[in-house]
Amino acid sequence: MLADAAAGLRRNGLMAAAATTTMALALLVAGGGFVVSANLAHLAGTLEAQVEVVGFFRRDVPPAAQERVLAQTVALGGTSAATLVTRAEALRRLQQTYRSMASVPAVLPGNPLPDSIEVRVADPRRIREVAEALRAMEGVEDVVYGAAVVDRVIALTRAVRVAGLVATALLVGCALVIIVNTIRLAVAARRQEIEIMALVGASPGFVRGPFLVEGLLQGAAAALAATVALTAAYLVLAARAAASLPFLPVLAPGAVLPAALAVLWSLGLVVGLGGSEIGLRRYLTA
Amino acid sequence: MLADAAAGLRRNGLMAAAATTTMALALLVAGGGFVVSANLAHLAGTLEAQVEVVGFFRRDVPPAAQERVLAQTVALGGTSAATLVTRAEALRRLQQTYRSMASVPAVLPGNPLPDSIEVRVADPRRIREVAEALRAMEGVEDVVYGAAVVDRVIALTRAVRVAGLVATALLVGCALVIIVNTIRLAVAARRQEIEIMALVGASPGFVRGPFLVEGLLQGAAAALAATVALTAAYLVLAARAAASLPFLPVLAPGAVLPAALAVLWSLGLVVGLGGSEIGLRRYLTA
Amino acid sequence: MIHFDGVGKRYPTGVAALSQVTVRIDPGEFVFLVGPTGSGKSTFLKLIQAIERPTTGRVVVDGDDVGALPAAAVPRLRRRLGVVFQEFKLLPDRTVADNVAFALRVTGTDPVEIGPRVQWALETVGMAPRADDLPARLSGGEQQRVCLARAIVTRPRVVLADEPTGNLDPEAAWEIVQLLARINLRGTTVLVSTHNPTLVDILRRRVIELCAGRIVRDEARGLYQATR
Amino acid sequence: MIHFDGVGKRYPTGVAALSQVTVRIDPGEFVFLVGPTGSGKSTFLKLIQAIERPTTGRVVVDGDDVGALPAAAVPRLRRRLGVVFQEFKLLPDRTVADNVAFALRVTGTDPVEIGPRVQWALETVGMAPRADDLPARLSGGEQQRVCLARAIVTRPRVVLADEPTGNLDPEAAWEIVQLLARINLRGTTVLVSTHNPTLVDILRRRVIELCAGRIVRDEARGLYQATR
Ligand SMILES: Nc1ncnc2c1ncn2[C@@H]1O[C@H](COP(=O)(O)OP(=O)(O)OP(=O)(O)O)[C@@H](O)[C@H]1O
Ligand SMILES: Nc1ncnc2c1ncn2[C@@H]1O[C@H](COP(=O)(O)OP(=O)(O)OP(=O)(O)O)[C@@H](O)[C@H]1O
Ligand SMILES: [Mg+2]
Ligand SMILES: [Mg+2]
């Protein structure tokens with residue numbers, strides 16, 4: 001049966017080549033969509049991880065009390081990191097940002113900034129809760145968490161995830177329809193062959209067999225080609241991105257390619273087989 | 001000839017439907033790629049427009065001298081905006097950012113911040129040049145422009161533009177190959193018809209005509225379907241994005257759809273016609 | 001073997017191709033099916049193969065009610081029949097040998113047997129030297145002989161031949177009919193539709209004449225024309 | 001009209017289908033082309049239509065050297081010929097009337113003329129009642145008559161008919177040949193390949209006999225068999 005399928009592919013060279021190329025391209029588009037969407041989701045996650053709550057201490061709170069607040073905060077759960085920042089450190093950072101303030105210490109009688117605690121929240125939707133708890137703690141004068149920024153990040157990450165999913169689903173759907181149509185056309189071009197097979201007494205299984213194996217082989221060939229192209233492209237692009245955009249979090253090839261290739265291969269094989277089946281059904285009713 | 005083409009499409013209903021759907025989907029993917037890439041380029045442009053150079057004045061520079069610096073800066077060319085920021089305004093902004101500094105005026109003998117000039121540069125690659133010119137001006141003590149941030153933005157926007165172009169080119173290329181293959185398969189399924197036409201003395205033009213018109217009609221139908229889908233999707237998504245991500249610069253439908261649809265229609269028509277032509281050539285050599 | 005019982009066949013277009021056909025063909029018989037163009041000969045043969053189903057009456061082949069045969073049982077029926085189609089129906093992209101071998105592979109014949117049996121069938125019809133040609137490279141008569149080779153290669157119990165000599169010169173036609181007669185001598189039932197009076201008149205076998213879908217004559221040792 | 005001058009045709013497979021064929025057919029002649037299966041009759045007719053090109057010699061039709069005809073001039077040649085193909089070559093997805101009309105539309109006939117002329121052609125071959133059927137719904141003989149209708153509908157100056165009676169009963173065959181003879185009386189050159197001795201023997205027209213690609217006989221008022 002494999003030999004039959006191979007012979008069939010050879011006889012219908014042009015048609016098989018056209019169908020396989022089309023499938024490979026469709027799979028590549030779907031796989032590319034998957035990879036891009038995974039990276040967007042990763043970017044969203046990274047953004048979320050950067051959202052933080054800052055609590056300012058009253059000027060009279062001693063380090064020991066600050067340590068207690070830190071412990072209580074960690075005990076709250078839902079935080080991914082919490083650190084104490086002294087007023088000296090805060091001034092240093094401010095001076096770094098606004099270089100012209102380098103002269104402040106000389107001008108001022110002392111450092112006007114308060115000590116603070118910086119908390120990163122694992123899930124940005126819990127940020128309000130963490131902020132309230134922090135505000136209620138002893139010695140904490142004020143809590144800042146940039147509500148607007150948090151809302152933006154939450155909205156952005158949700159949008160990015162939804163857009164990624166929708167785009168991938170759309171591309172996969174398109175790939176599916178394109179592949180099924182391609183195989184259906186290829187089968188239509190061979191309806192005479194199918195009719196004659198039935199007339200000399202081939203069982204539906206015997207007629208279908210080689211076509212299904214052909215479909216499977218085409219699916220596999222297309223998936224292979226798409227695998228090579230996608231892997232090569234991603235390796236090159238990820239390396240480039242890492243070199244020229246170090247601050248952009250690009251997923252390591254090992255972290256995203258296996259899943260993308262799994263999608264691509266299942267799509268290729270299932271559709272190669274299913275497309276042949278659907279294409280055949282039309283000519284096997286008699 | 002139009003009637004012939006329409007009759008041809010009716011007779012080959014399933015095949016024509018399969019080919020047209022495939023084309024529509026391929027065009028949709030290509031058009032979607034174009035729209036997304038245009039938006040990424042727009043985002044990159046917005047980021048670039050936000051890069052700015054800040055010059056700090058010595059504390060003794062009078063407003064008139066500051067105005068002269070402003071005029072000289074604008075005269076430099078390559079800037080898209082330049083404004084003077086008084087030390088009072090600067091302090092207000094700082095207090096807005098760091099709420100705990102609300103108490104600073106009470107604590108301090110005076111406002112420690114300098115007057116400044118903020119310059120937006122049209123092309124971020126010219127930023128260094130502008131910064132140097134500003135630094136050389138009379139009364140300017142220091143110039144800050146976050147070289148690291150500028151480099152990042154330049155790298156990011158270049159990456160985004162290249163990625164957008166590459167993705168669009170790839171998707172358009174895929175759409176092209178897919179469409180040509182589809183039409184070729186559809187023509188292959190009708191080689192008998194083509195052969196008989198030639199045998200009864202149809203001129204190549206007469207044989208080709210209806211097929212080409214059919215290809216053109218299919219291309220137009222596919223482009224129409226893709227137009228409807230893309231426009232609807234973009235209107236909905238752009239409205240959504242504007243509502244929930246007000247800070248994300250999404251291109252107005254009127255700004256991006258015309259170009260995308262032009263790409264899509266030219267692709268649909270040219271490939272519908274060209275694909276038929278290529279598909280036919282094989283059977284008209286005899 | 002083959003039994004038509006009050007069979008009528010009306011095509012969806014409204015054409016009544018056969019009406020009230022009742023006839024019995026016994027194992028080992030040799031039957032000529034004659035009649036003018038459009039009288040229903042091909043339809044008669046198609047009903048036996050379950051390519052078409054009767055609209056009234058019953059067609060029984062080898063004990064199976066063909067009209068009521070489930071789709072899954074049709075291949076088994078067709079494998080027991082060797083058929084020469086009026087329109088040849090050769091696969092255009094396979095060689096002559098492959099076309100003939102095809103009928104064997106479909107029935108799951110032992111692969112080592114296929115080669116010799118294809119060779120035998122092609123030699124029998126005189127097409128062995130063209131085994132590796134594609135059908136499009138053969139003349140009409142040559143294609144017809146390949147069809148006959150495909151029909152007999154499975155050594156079926158029944159051979160149906162629809163106009164198997166239409167494209168053959170008288171000599172080649174006579175050889176083919178003699179071949180069918182030899183096959184018949186081995187016990188195979190043979191049913192041949194033909195427009196060739198000479199063959200029918202020389203062989204003098206059973207003749208069933210159709211006219212406008214009805215059996216108008218059924219003679220044991222008939223001629224092409226009814227003897228008035 | 002048609003002039004073969006030392007024509008040889010060797011197919012790429014190495015088969016020499018015609019060798020050293022020299023013959024002249026004048027306008028208004030009626031010629032039977034006979035010979036055993038595979039003797040080169042169809043090849044002879046294909047050379048006239050520029051479906052195949054001669055490997056040696058010249059084929060001249062109506063003053064044109066067909067073997068050297070540029071591809072762009074081939075359609076003009078074919079439109080002057082009315083052809084009945086051995087394998088019918090009807091478009092399976094168009095009605096009988098559309099198939100016949102097709103030959104007219106190809107030649108750019110005035111659309112208002114097409115209907116009546118198709119009607120005339122179908123009536124001439126007795127297929128007018130089936131004008132709206134698809135070819136697959138016709139019997140073999142009916143399809144053959146549609147082919148003939150398509151060949152004559154353009155009122156060509158030459159009609160080539162390859163085995164036009166292979167699927168017809170003797171009566172229908174006789175009608176078709178009489179029809180061809182009537183067309184010939186109007187001045188049309190007619191070239192018919194056939195395996196039917198009766199037709200040839202009754203009509204007694206010019207007979208060209210091919211054997212293994214060579215002309216072995218060319219008689220003005222010949223019989224199917226050479227008279228010894
Ligand atoms: N699939 C079909 N649909 C509709 N009508 C059909 C179909 N097949 C055959 N017919 C009609 O049924 C009648 C009998 O056809 P059939 O093919 O059985 O004739 P036949 O005796 O084989 O003729 P011939 O000698 O020309 O081959 C004809 O009028 C034909 O047009
Ligand atoms: N396209 C082709 N390629 C190779 N060989 C061919 C081709 N067409 C015909 N032949 C061979 O050329 C020879 C003559 O064929 P042709 O079709 O002219 O015979 P014919 O006289 O028409 O026979 P028939 O009466 O059986 O139709 C045959 O041996 C045939 O196999
Ligand atoms: Mg018939
Ligand atoms: Mg021939």
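Letters A, B, ... mirror the listed sequences (proteins, then strands); counts begin at 1.
One distance of note links CD of C/E87 with CD of D/E87; it measures 13.0 Å at 0.5 Å rounding. Annotation: the span from D/H195 atom NE2 to C/E171 atom CD amounts to 11.5 Å, rounded to 0.5 Å. Of the inter-residue distances, the one linking C/T13 atom OG1 with D/L134 atom CG reads 9.5 Å to the nearest 0.5 angstrom.
Listed options D/G38, D/P170, D/S42 were ranked by heavy-atom pairs under 4.5 angstrom with chain C; first place goes to D/P170. Residue with the most contacts toward chain D among C/S139, C/G166, C/S39: C/G166 (heavy-atom pairs, distance under 4.5 Å).
What you find for D/V15 and C/R130 is that their closest heavy atoms are CG2-NH2, 3.8 Å. In terms of heavy atoms, C/E163 sits closest to D/N167 at CG-OD1, 3.5 Å.
Residue D/T37 touches chain C through both its backbone and its side chain, counting heavy-atom pairs closer than 4.5 Å. Residue C/P197 touches chain D through its side chain alone, counting heavy-atom pairs closer than 4.5 Å. When heavy atoms are compared at a cutoff of 4.5 Å, D/Y224 approaches chain C solely by way of its side chain, counted from C-beta outward. Of the atoms belonging to C/D162, not a single heavy atom falls under 4.5 Å from chain D. For chain C, the nearby parts of D/E142 are the backbone and the side chain; heavy atoms of each come within less than 4.5 Å.
Around CD of C/Q178, the count of heavy atoms belonging to other residues, nucleotides or ligands within 6.0 Å exceeds 12. The number of heavy-atom neighbours closer than 6.0 Å to CZ of C/R24, taken from other residues, nucleotides and ligands shown, is 12 or below.
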